[in-house]
Amino acid sequence: MASVPPASKPGILIDPHIAHKLEGTVLPDGWVLKAKTRKMPIAPEETGGKFSVGYTAEKDGKQAFVKVFDLGGALMRNSGNIMKAMMMLGQDHQYECQLLDICDAAKLDRIVKVLGKGQADIPMGDHLATPIPYIVFEHADKDIRKALAKTSAIEDAWRLRMLHQVAIGLQQLHGKQIAHQDLKPSNILIFEQDDFGAKIADLGRASRNDGSQAGHDGYFIAGDPAYAPPEQAYGVRAEHWRDRRDGCDLYHLGSLIAFVFTGTTPNWYYTRLPEAVRPVQWRGNWAGSYPEVVHHINAAFAEYLALIKPDLPAWAADQLVLLIEQMCDPEYSKRGDPDARKQVGEPLGLDRFISRFDALANIAKVKTRAA
Amino acid sequence: MTVYNEKTKRRVVPRWRSSIVAASSKDFQPLKTKPGKQRPEHILPTQVEDFEAAPDLGRAAELFATASRLGETARAKQAAAFIRSQGALAPSLLMDAALSVLNGIKPRLLSERITQDAAAVAHLRALLKRRPKTANLWVDLARHQAALGDTEKAAKSMQIALALAPNHRWVLRSASRLLLHAGEVEAAHRLIARHPRTRFDPWLISAEIASAQVAGKQPKFMRQARDMLRPQIWLPSHVSELATAVATVELETGTAKNARRLLKLALKDPTENALAQVEWAERDSRDGLKVASALSRTPDAYEASCWVKYNEGQLEEALEAARQWLQDESYATRPVGMVCYLASFLDDYKSVIETANEALLRHPDEVLHRNNLIFALLSQGELLANPDQAELASHVEFLRRRINAKDDDALHATANLGLLCYRLARLEDGRKLYEATMDAAEKMGNHLIRAHAAVMNSREALLSRAAWSNEALATARKLTKRILSPGLSFYMRKLEAVHKDPQKAAEILSPDTAKQYSTPKQFVDLMKDLRIEHTESGPILWIPKHLIKRN
């Protein structure tokens, strides 16, 4: 087993594939990297233009997930400009760590916990080492994609409770002025120990409304393009943070409701629109403005809402459709709880949605008992 | 007889299609902007790895969505097969989509699958209940309401669409088209002419010019239109309809040379509406504008295709295109008329009766449809065989009223009465009524109707073996030669065959034998090589060597 040398080694040598060869490495805080979670590197597009490799890790019989920042990959992407690559990677690592520190300090229990972070200098020979930044996260049992299967009363109650918890996690982030921007099913982790439930993972594409700049802030789509709200796919940058960032999270939450009950999302249905009115991001060639095309999205959205209803639990179908409708409204300035939107500052009304999820989850629980 | 004025004036009034069909049409596209760049996605391999490492429904659903979106059919099918294997565990919407992909069927929007107008109205109403501020849905609702003949409700729906999207080009053009359909020609023109966007938009200016012509007014934006038609100002696709609209004005004011230049410009990248207009202009002038070759490049060009096939004498193909045209513009009267007209030449009275009856359900007062229905019912013979004479009596009463009203359709009604007399064995009365129709048509200068009445008189004389059948055939022969009507020429070939072999009349005058009397395709192909050159001293017809007979 290789041990990590002290960080004060003088030279730097970059092996472009080093981040992929770390099985067995012991990190400075004692975590031992066991196996890569994927054979291939996590694609940069999946990590907001950042490069990382996932590992399972172990310490004192405890499991964890380690996100290792891939300097070699970043270097290759930046045409050998070592300074730029290191700077960008360092900034990304630092930005994510800062956000995680905020979450940790505020004890945000619906955000995946950080167990350690730092930099490992991997020895490359005498007096040489490659710096590898990393973050250690608590290990989850599964992600919410496991939840999709046709419905029994127990599963419905469980799904609704998970959604309630995700909404709480989102509110915790928004309360700290952090927008997640990549709230897709694989980023909702499930912790079965003590029946803890759902937590939100991966702040790699998050942004904070405090004047700080993340590397991905300049993109129309910060997160995974597959889940991006339509206005982002059409290249619209909403003026207000609330609509641009928090609104994006709300769209993802609405899509998540649809996904866990139907295996589909509104975006999935939008790809059936004629190519001529789809944005380039959805393999279309629309070149006009969003207001001119939004009527098409609206019409398709209305159809989608009608189509998913039979797949929702009958007793909650109307309310779930309404939740999806309000969270995924293609007109981003109207997205959110309509009553909340009428208030000063036009908030999205996440607190109201949490109450509605809670009520639905409670009813579902009663129904489960009755069954 | 069925009547369709082959020479009637045509205007480039906007097409009004469903929002989904319109989405792919050129008039829905923005004028100048270019599409942005796609952000590259490499998520598929990750999702494949995730799915293959631990296959479950959630991962299959994710992979299925991504692979479908990226056009990775093999991967989409891999995920779809897994979804299918989950049977009742899979949500029904996901299962339906997976089965579609596995069966090689492209998943479509729900609205694309609903073809009946009444069903579409119910569907749209349900959607509007949920999303009442969606302009597209209101326009589509109006279209189906208009197709069902409920113009008043259609107008109300369109008003809401206009309120929701007052500056949307497609909504404006659709609204103008509805007003024209409802006969409110002044309002149709006013809507476009007064809109602040019109002077900057070639699509709206073309609609303004067309509606002004229909309303008998002077177009307001002719100067702007001519400016827009200067070379390289706009993409050819955006000015194709404008070019034909201005060309139509030029044709009417006698500046044919300018019109020809504009029609050529329109053919660079035409809409199907522009193509139909060029075909209309070409029908008389035969300038060699190569409409047929543009047809192959223009999807949904049903109207133009119908006329091109008709002029080539391919009546069966023309009827097929007319049926598609009718499906495309189910609210409009012209395609109904065309289907009936063509089906009558083919002696396909079943089609005429079905089409006219369906149209009468939507527009019960439309005299053209009623006249066509009566003609087909009488020609088919079942009406007179029916012991219950109430239906016949109602049709006779209708003919009486139309003849007495002396409106435009009086000739049509008179001819139909002639047909009835022939079928009631009152041959002399039948002949007189047809002759009266011919005389009246001649006085009106309508040589097409005159020839048409002569042909029908000849048919009835031949079938009833009237003493004057030879004379009637000679008159029909003479009058059809004077006009250029492929339909009448086609029917004359049939009548000549009946004349030669009266025993086979039923066989000859049936849709099954139509091909024998169509214009031979070889002849049509040869004639395509003719070239017309317009010079200062007039047109020159160039005949290729292979068409010149040498003795």
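This structure is a prediction, so every number in the text was calculated from the model and none was measured. Within every chain, numbering begins at 1; the chains are lettered A, B, ... in the order of the sequence lines, protein sequences first and strands thereafter.
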Quiz item: Which residue out of B:Gly58, B:Ala53, B:Ala126 racks up the most heavy-atom pairs below 4.5 Å with chain A?
Solution: B:Gly58
Quiz item: Can you tell which of B:Pro107, B:Ala165, B:Ser68, B:Ser25 has the highest number of heavy-atom pairs within less than 4.5 Å of chain A?
Solution: B:Pro107
Quiz item: When heavy-atom pairs shorter than 4.5 Å are enumerated against chain B, which of A:Val293, A:Leu307, A:Ile297, A:Thr271 gives the highest number?
Solution: A:Leu307
Residue pair [X] / [Y]: nearest heavy atoms and the distance that separates them:
X	Y	result
A:Gly263	B:Pro91	N-CG, 4.3 Å
A:Pro274	B:Ala23	CG-CB, 3.8 Å
A:Lys184	B:Ile43	NZ-CD1, 4.2 Å

Taking atom [atom1] of [X] and atom [atom2] of [Y], what is their separation to the nearest 0.5 Å?
X	Y	atom1	atom2	value
A:His296	B:Ile20	NE2	CD1	4.5 Å
B:Leu109	A:Tyr269	CG	OH	4.5 Å
A:Asp224	B:Thr66	CG	OG1	7.0 Å
A:Tyr227	B:Glu62	OH	CD	3.5 Å
B:Arg131	A:Glu331	CZ	CD	6.5 Å
B:Leu94	A:Phe259	CG	CZ	8.5 Å

When you look at [atom1] of [X], are more than 12 heavy atoms from neighbouring residues, nucleotides or ligands closer to it than 6.0 Å?
X	atom1	answer
B:Lys133	NZ	no
B:Gln327	CD	no
B:Arg199	CZ	no
A:Glu23	CD	yes

Quiz item: Applying side chain to side chain donor-acceptor pair (under 3.5 Å), which residue pairs with at least one partner in residues 105-115 of chain B are found, sequence neighbours left out?
Solution: A:Glu303-B:Ser111
Quiz item: Is chain B contacted by the side chain of A:Asp143, its backbone, both, or neither, given a heavy-atom distance below 4.5 Å?
Solution: side chain
Quiz item: Side chain, backbone, both or neither: which part of A:Leu305 has a heavy atom under 4.5 Å from chain B?
Solution: side chain
Practice problem: I would like to know whether A:His295 and B:Val139 meet side-chain contact (heavy atoms from CB on, under 4.5 Å); could you show each step before the answer? | Solution: CA-CA 11 Å; A:His295 300 291; B:Val139 177; over 6 Å; no
Quiz item: Is it the side chain or the backbone of B:Leu93 that comes within 4.5 Å of chain A heavy atoms, both, or neither?
Solution: both
Quiz item: Parallel, tilted or perpendicular: which fits the ring planes of A:Trp286 and B:Phe28, with parallel below 30° and perpendicular above 60°?
Solution: tilted
Exercise. Apply side-chain contact (heavy atoms from CB on, under 4.5 Å) to A:Asn267 and B:Arg69, showing your working.
Key: CA-CA 10 Å; A:Asn267 283 12; B:Arg69 185 167 48 87; over 6 Å; no
